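All of these numbers come straight from a predicted model, not from anything done at the bench. Numbering starts at 1 and runs along the sequence shown.
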Amino acid sequence: MSTHTLPDLPYAYDGLEPYISRQIMELHHKKHHQTYVNALNAAEQAYAKTSTPRERIALQAALKFNGGGHINHSLFWKNLAPSAAEGKGHGGELSDGPLKTAILERWGSFDNFKKEFNTTTAGIQGSGWGWVGVNPTTGKLEIVTTANQDPLLSHVPVIGVDIWEHAFYLQYLNVKVDYLNAIWNVIDFKEAEKRFVEGASSSKL
């Protein structure tokens, strides 16, 4: 059985500053994501040794939680890029193209889109993820949330934002809204557009 590994970040740990600190990125990637990877490997190894339905059912929660944590974080790192506003990269830049067109058609303006996303995501009770995803039936963008580390299965993920406290607390304390406002400065819209085009083209229109 192949084992899962921690993916490298496509930028330095301080590459997202000042919006996400080096300390948060190091802890989030090296500690939290690594823990999900280790626990997922352990759960899959245990599952391979099971011989009864009862044993397999007992491992479902660990597989879902840690598998979701690995899937979600692997997407999250690629979802971010050093900020254009800081002269470091293209993070936060939404250029003309299919994704921008879809956002404007659905929400009227980029600000309306961000406001709805932030409001919906800040409303998550406890821990979870805010998502912009392609509805596979309509091919349209929608804002949805998932609890805990549940992966997004109902839509094709385009943008995912971690709203667990470990993603922001050391810098933004308990003010989720400040974190959500800041993260748009480091969203990699080029990566998001690739996902959007792939998701829209595979929808069941």
Side-chain angles (χ1 to χ4, degrees), residues 4-41 62 64-94 110 113-133 143-152 157-192 194-195:
H4 304 282
T5 58
L6 184 70
D8 293 332
L9 294 183
Y11 36 76
Y13 283 114
D14 62 357
L16 305 181
E17 290 188 336
Y19 305 104
I20 304 179
S21 71
R22 179 190 183 101
Q23 182 185 28
I24 286 176
M25 289 302 297
E26 286 190 334
L27 288 169
H28 201 172
H29 182 249
K30 292 180 181 177
K31 302 297 183 183
H32 290 282
H33 191 174
Q34 185 67 66
T35 298
Y36 297 127
V37 170
N38 294 345
L40 175 60
N41 285 329
K64 180 181 180 182
F65 182 79
N66 294 294
H70 180 42
I71 291 168
N72 291 346
H73 284 86
S74 296
L75 184 149
F76 184 56
W77 308 133
K78 291 191 292 186
N79 212 103
L80 304 173
S83 173
E86 298 296 315
K88 294 182 176 181
H90 60 266
E93 281 190 335
L94 178 59
F110 186 48
F113 160 71
K114 289 192 293 184
K115 182 177 180 181
E116 183 174 327
F117 181 92
N118 289 2
T119 300
T120 301
T121 303
I124 293 173
Q125 297 295 310
S127 300
W129 289 74
W131 300 97
V132 180
I143 294 170
V144 291
T145 62
T146 57
N148 301 313
Q149 289 297 351
D150 293 0
L152 183 62
V158 174
I159 296 170
V161 174
D162 189 350
I163 201 67
W164 280 65
E165 284 194 343
H166 64 232
F168 64 88
Y169 196 85
L170 289 174
Q171 187 170 1
Y172 295 98
L173 302 178
N174 63 334
V175 189
K176 289 182 184 178
V177 174
D178 287 353
Y179 162 67
L180 289 168
N181 284 331
I183 203 167
W184 292 107
N185 292 284
V186 289
I187 292 294
D188 189 339
F189 286 105
K190 291 183 179 179
E191 174 69 19
K194 282 195 295 183
R195 292 194 199 126

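At most 12 heavy atoms of other shown residues, nucleotides or ligands fall within 6.0 angstrom of atom NZ in K190.
In this structure, the separation between CG on N72 and CH2 on W129 is 5.0 Å, given to the nearest 0.5 Å. If you take CG on L16 and CZ on R22, they are separated by 11.5 Å, rounding to the nearest 0.5 Å. Summarising the geometry, atom OG1 belonging to T145 is positioned 9.5 Å from atom CG belonging to L152; distances are rounded to the nearest 0.5 Å. Interatomic distance, CD1 of I183 versus NZ of K114, reported as 12.5 Å (0.5 Å rounding). Note that CG of N41 and NE2 of H4 are 5.5 Å apart. Values are rounded to the nearest 0.5 Å. Taken to the nearest 0.5 Å, the CD1 atom of I143 stands 9.0 Å off from the OG1 atom of T119.
No donor-acceptor distance shorter than 3.5 angstrom exists from the side chain of D188 to the backbone of N79, with no hydrogens or angles considered. When atom types are taken as modelled, the side chain of Y11 and the backbone of W77 share a donor-acceptor pair closer than 3.5 angstrom. A donor-acceptor pair under 3.5 Å is formed between the side chain of K176 and the backbone N or O of I124.
Of all non-hydrogen atoms in N66 and T35, the two that sit nearest each other are OD1-O, 4.4 Å. Q149 and F65 get closest at one heavy-atom pair: CB-O, 3.4 Å. Across every non-hydrogen atom of A167 and D162, the tightest pair is CB-O, 3.7 Å. Closest approach of P151 to I71, counting heavy atoms only: CB-CG2, 4.4 Å. Contact record, A122 with V177: CB-CG2, 4.4 Å, taken as the closest heavy-atom pair. When all heavy atoms of I163 and G128 are compared, the closest pair comes out as CG2-O, 2.8 Å.
Under the 4.5 Å side-chain criterion, counting only non-hydrogen atoms from C-beta, L80 is in contact with F76. Using a 4.5 Å heavy-atom threshold, the side chains of H70 and P7 count as touching. You'll find the side chain of E26 stays beyond 4.5 Å of the side chain of K31, heavy atoms only. Side-chain contact between E86 and P18 is present, with heavy atoms from C-beta onward closer than 4.5 Å. In this structure, the side chains of P157 and L75 come closer than 4.5 Å at one or more pairs of heavy atoms.
Between H28 and H33, a ring centre-to-centre spacing not shorter than 6.0 Å is recorded. The aromatic ring centres of F168 and Y19 sit 6.0 Å or more apart. Close placement of the F113 and W184 rings is indicated, their centers lying within 6.0 Å of each other. Ring to ring, W164 and H73 are not that close: their centroids are 6.0 angstrom or more apart.
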Might you work through the side chain to side chain contact (heavy atoms under 4.5 Å, CB included) test for Q23 and E17, ending with a clear yes or no?
CA-CA 10 Å; Q23 182 185 28; E17 290 188 336; over 6 Å; no

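Between the side chains of Y179 and Q171, no donor N or O sits under 3.5 Å from an acceptor N or O. Between the side chains of N118 and N181, at least one donor N or O lies within less than 3.5 Å of an accepting N or O. A donor atom on one side chain and an acceptor atom on the other are found under 3.5 Å apart for T146 and W131.
Using a cut-off of 4.0 Å between Lys/Arg side-chain N and Asp/Glu carboxylate O, D150 and K64 are scored as salt-bridged.
Ring planes of Y36 and H166: tilted class, angle from 30 to 60°.
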